[in-house]
Amino acid sequence: MEERPITDWLPLTKKEVEKRGWDELDVILISGDAYVDHPSFGTAVIGRIMESEGLKVGIVAQPNWQDDLRDFKKLGKPKYFFGVTAGCMDSMVNHYTANRRLRSNDSYTPGGEAGFRPDYATTVYSNILKEIYPDVPVLIGGIEASLRRVTHYDYWADKLFPSVLVDSKADVLVYGMGEQPLREIIRGVKSGIPLTQLTNINQVAFLQPKEAALPVVDSWETVELSSHEDCLLDKIKYAANFKIVEVESNKWQANRIIQQVGDQTLVINPPFKTMDEVEMDRSFDLPYTRLPHPKYRKRGPIPAFEMIKFSVNMHRGCFGGCSFCTISAHQGKFIASRSEKSIMKEVDQITKSPDFKGYISDLGGPSANMYKMRGKDESICARCSSPSCIHPVICSNLDTSHKPLTEIYKKVDAHPGIKKAFVGSGVRYDLLVDDFNKNNSDMNHDEYMEQLITRHVSGRLKVAPEHTSDATLRVMRKPSFKYFRKFKEKYDAISAKHGLKQPLIPYFISSHPGCEEVDMANLAAETKDLGFHLEQVQDFTPTPMTVAEVIYYTGVHPYTLQPIYTAKTKEEKQNQNKYFFWYKAEFKDWIRNRLTKLQRPDLAQRLLGFRNRNQKY
């Protein structure tokens, strides 16, 4: 293999900057992740967009924040601004388990090593830059900044934080997927407008003095949240704030949001309308090398890259609106899909990779089967503010045809360089159950399932019913478990028809708001009856800007302000989690005694059977 020139990557060092013949950079990006030049990694996308707009861009990846801070100085001072991101994950989710235990690895670091980014990375990086270069503006973005843009509960510190703009001292925040606001920002600074004066761009947030007048934009109405200080005193006001933020985030024509924070006003401009196909293609078709920077070769593979290097992301966004999930909060409710041409172009690129063996690991997206789904009459969508298009029922205006996706699967299968293309992303199974999804007019769901099961399952298929209790599922904004049963019947029938043994792997969550301990015992019994020994289980983590996080902190649902039980102590959470593993000997006595105490011996019998003199269980 002929080695690529180092100038194929955006520069990480002063020497690489000089090799390009540059004596100054326009923008320097600081990232908590190692630099992987691939469209699945936000820093690469942002850097390539800026490059496509004619800027000279450098990257400082995983700088050392504990020494003399030389990493923050090595590329010098940028002409326009620093861009800061914690990386592809919130740094606290990246660092800690649901039990607040420090993780021993980091998938976005060479060799999977932990310890290469700080807690609250966005704030730490931004403060360092403000100290070294007080005259250079700082723009923050990425999922950590995006979901912490307003007063938010932080599970790890167990307290409310103000907007990340306050603690980070950054000048401007871009929330959500950054392509559209970034292009506007770049055009503004190139025309001579300082970053701090670009206050009328959609999808940005900033702080201004309390007494200052709001920027005038004729088409924007403004809604005001309860102040940060009021939220500290009253949890109900915090819960009510969340509803406003989520509703506005899910509108096509949203309002500007303001919130008083001390002697400042936080201003959050409305989001852009979801990217169209041309804009999506433009982002994915940038000249990525699709490889980690060569400097990491001796440090070992980057696990997150190894997982996705032969995968294709076909769309963004999710209209599920699940209470515990941040996808729609960051990527949006409406689906942004790439063109078939762009997708096939990427497939072709992958087949030319020297270590590609013919197998694509994932043709997917946040939910594998939402590609090209949208409102049939978009004027109805324009008036909608619902957080979900499929809860409590599937919207009659939603086009849930799987035909475009099935056609892409077939075209990828027909590519001469592809032996198999798998779907590794989770499949939204409720869209495929006709009893739940009444929009299946031409039976294209059946064709999709046949294609998926016979051609694109790599040993087993992941789906996420998340729970079996209807009460808990309503809080989760998920459908009744009876629809999972119907999906499983259909899945098993198609598998049997073709002589395939590809187990279904369901994902479940314990300790979610609304879930009592008996609900977990019942979940264990119901899944046992279906033949599952659960492995893919997860304890609930309250992440910023989710319905479930608000319930966890406040004790009430933000839409009804009615109380909802949540397991909060370590003991309560561990008790719920143990029921997943009813089949393990070390838990059987505990489960039997516990269910007897809870006056549910019937569940103990279903899980463990009768106990008699000759047989322990």
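All of these numbers come straight from a predicted model, not from anything done at the bench.
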Inset, instruction - Would you tell me whether Asn439 and Asp399 have side-chain atoms, one donor and one acceptor, within less than 3.5 Å of each other? - result: no
Inset, instruction - Run the ring-centre check on Tyr120 versus Phe161 and record whether the distance is less than 6.0 Å. - result: yes
Legend entry - Proximity of His456 and Phe422 rings by center, below 6.0 Å: no
Legend entry - Main-chain N/O of Lys568 paired with Thr566 side-chain donor or acceptor, under 3.5 Å: no
Inset, instruction - Step through it carefully: locate the ring centre of Trp590, locate the ring centre of Tyr579, and say whether they are under 6.0 Å apart. - result: yes
Inset, instruction - Would you check if there is a donor-acceptor pair between the side chains of Ser249 and Glu246 at a distance under 3.5 Å? - result: no
Legend entry - Asp90 bridged to Arg148 by N-O distance under 4.0 Å: yes
Legend entry - Lys528 to Leu608 - nearest heavy-atom pair and separation: NZ-N, 4.3 Å
Legend entry - Side-chain donor/acceptor of Ser386 to backbone N/O of Cys389, under 3.5 Å: no
Legend entry - Within 45° cone and under 6.0 Å: Arg316 NZ/CZ vs Tyr371 ring: no
Inset, instruction - Without swapping roles, check the side chain of Gln331 against the backbone of Gly317 for a donor-acceptor pair under 3.5 Å. - result: yes
Legend entry - Centroid-centroid under 6.0 Å between Phe334 and Phe319 rings: no
Legend entry - Distance flag, aromatic centroids of Tyr429 and Phe484, threshold under 6.0 Å: yes
Inset, instruction - For residues Gln562 and Val556, determine if any side-chain heavy atom of one lies less than 4.5 Å from a side-chain heavy atom of the other. - result: no
Inset, instruction - Tell me, yes or no, whether the heavy-atom count around Gln599 atom CD, taken from other residues, nucleotides or ligands under 6.0 Å, exceeds 12. - result: no
Inset, instruction - Would you please test Tyr155 and Tyr552 for ring-ring contact (aromatic ring centres under 6.0 Å, His included) and show each step? - result: CA-CA 9 Å; Tyr155 171 66; Tyr552 179 90; 5.7 Å; yes
Inset, instruction - Could you pull out the closest heavy-atom pair between Ala521 and Leu607, with the gap in Å? - result: O-CD1, 4.0 Å
Inset, instruction - Output, in order, the C-alpha distance, side-chain angles, deciding distance and verdict of side-chain hydrogen bond (donor to acceptor under 3.5 Å, both in side chains) for Ser425 and Asp362. - result: CA-CA 7 Å; Ser425 307; Asp362 186 24; 2.5 Å; yes
Inset, instruction - Look at the side chain of Gln538 and the backbone N and O of Phe508, then say whether any donor-acceptor pair between them is shorter than 3.5 Å. - result: no
Inset, instruction - Just do the salt bridge (charged side-chain N to carboxylate O under 4.0 Å, His left out) check on Asp413 and Lys420 with the steps written out, would you? - result: CA-CA 7 Å; Asp413 273 356; Lys420 276 276 186 183; over 6 Å; no
Legend entry - Other residues, nucleotides, ligands: >12 heavy atoms within 6.0 Å of Lys482 NZ: no
Legend entry - Donor-acceptor pair between His498 and Thr454 side chains, under 3.5 angstrom: no
Legend entry - Sole residue of Leu432, Val457, Leu500 in side-chain contact (heavy atoms from CB on, under 4.5 Å) with Tyr491: Val457
Legend entry - Lys486, NZ atom: more than 12 neighbouring heavy atoms under 6.0 Å: no
Inset, instruction - Scan side-chain atoms only and decide if Asp355 and Ser353 contain a donor-acceptor pair under the 3.5 Å cut-off. - result: yes
Legend entry - Lys478 side chain to Ala464 backbone, donor-acceptor under 3.5 Å: yes
Legend entry - Modelled atom types, side-chain donor and acceptor of Asn522 and Glu526, under 3.5 Å: yes
Inset, instruction - Kindly state whether the ring of Phe540 and the ring of Phe324 have centres lying under 6.0 angstrom apart. - result: no
Legend entry - Closest non-hydrogen atom pair, Phe436 against Pro392: CE1-O, 3.9 Å
Inset, instruction - Report yes if the side chains of Asn575 and Met520 come closer than 4.5 Å at any heavy-atom pair, otherwise no. - result: no
Legend entry - Side-chain H-bond candidate by donor/acceptor type, Thr122 with Glu144, under 3.5 Å: yes
Inset, instruction - Taking the side chain as every heavy atom from C-beta outward, state whether His315 and Arg338 have any atom pair closer than 4.5 Å. - result: no
Inset, instruction - Verify, without hydrogens or angle tests, whether Ser367 (side chain) and Val427 (backbone) share a donor-acceptor contact under 3.5 angstrom. - result: no
Inset, instruction - Determine whether the side chains of Arg290 and His38 contain a donor N or O and an acceptor N or O closer than 3.5 Å. - result: yes
Legend entry - Chi angles and distances behind the salt bridge (charged side-chain N to carboxylate O under 4.0 Å, His left out) call for Lys159, Asp154: CA-CA 6 Å; Lys159 67 178 186 179; Asp154 183 87; over 6 Å; no
Inset, instruction - Would you check if Leu603 and Ile591 make a side-chain contact, meaning some heavy-atom pair closer than 4.5 Å? - result: no
Legend entry - Lys243, NZ atom: more than 12 neighbouring heavy atoms under 6.0 Å: no
Legend entry - Parallel, tilted or perpendicular: rings of Tyr553 and Tyr238 (30°, 60°): perpendicular
Legend entry - Where Pro506 and Leu534 come nearest, the two heavy atoms and their spacing: CG-CD2, 4.2 Å
Inset, instruction - Would you check if Asn313 and Glu346 make a side-chain contact, meaning some heavy-atom pair closer than 4.5 Å? - result: no
Inset, instruction - Kindly indicate whether the side chain of His152, heavy atoms from C-beta on, has any atom under 4.5 Å from the side chain of Leu160. - result: no
Legend entry - Leu595 to Ala604 - nearest heavy-atom pair and separation: CD1-N, 3.5 Å
Inset, instruction - For the residue pair Ser511 and Asp539, confirm or rule out a side-chain donor-acceptor distance under 3.5 Å. - result: yes
Inset, instruction - Measure from the side-chain N and O atoms of Asp33 to the backbone N and O of Gly87, and report whether any donor-acceptor pair falls under 3.5 Å. - result: no
Inset, instruction - Test Glu517 against every option in Arg600, Arg594, Lys578 by the side-chain hydrogen bond (donor to acceptor under 3.5 Å, both in side chains) rule and name the one that passes. - result: Arg594
Legend entry - Carboxylate-amine/guanidinium proximity below 4.0 Å for Asp492 and Lys488: yes
Legend entry - Under 3.5 Å: donor-acceptor pair, side chain of Arg477, backbone of Cys322: no
Legend entry - salt_bridge(Arg117, Asp106) N-O dist < 4.0 Å: yes
Legend entry - Non-hydrogen side-chain atoms of Val463 and Ile505 separated by less than 4.5 Å: no
Inset, instruction - Would you kindly check if the NZ (Lys) or CZ (Arg) of Lys584 is within the cone defined by 45 degrees around the ring axis of Phe581 and under 6.0 Å from the six-membered ring centre? - result: yes
Inset, instruction - Report the relative orientation of the aromatic rings in His533 and Tyr583; use parallel for angles under 30°, tilted for 30 to 60°, perpendicular for over 60°. - result: parallel
Inset, instruction - Evaluate whether atom NZ of Lys411 has more than 12 neighbouring non-hydrogen atoms of other residues, nucleotides or ligands under 6.0 angstrom away. - result: no
Inset, instruction - May I ask you to decide if the ring planes of Tyr409 and Tyr448 are parallel, tilted or perpendicular, using 30° and 60° as cut-offs? - result: tilted
Inset, instruction - Verify the distance criterion only: is there a donor paired with an acceptor across the side chains of His467 and Asp519 at less than 3.5 Å? - result: no
Inset, instruction - Output yes when a side-chain donor or acceptor of Ser311 lies under 3.5 Å from a complementary backbone atom of Ile308, and no otherwise. - result: yes
Legend entry - Salt bridge present between Asp430 and Arg428 (N-O < 4.0 angstrom): yes
Inset, instruction - Mind telling me whether Phe310 and Phe356 have parallel, tilted or perpendicular rings, with 30° and 60° as the class edges? - result: perpendicular
Legend entry - Closest approach of Cys318 to Met370 (non-hydrogen atoms, all atoms of both residues): SG-CE, 3.6 Å
Legend entry - Over 12 foreign heavy atoms within 6.0 Å of NZ, Lys497: no
Legend entry - Side-chain donor/acceptor of Asn99 to backbone N/O of Arg101, under 3.5 Å: no
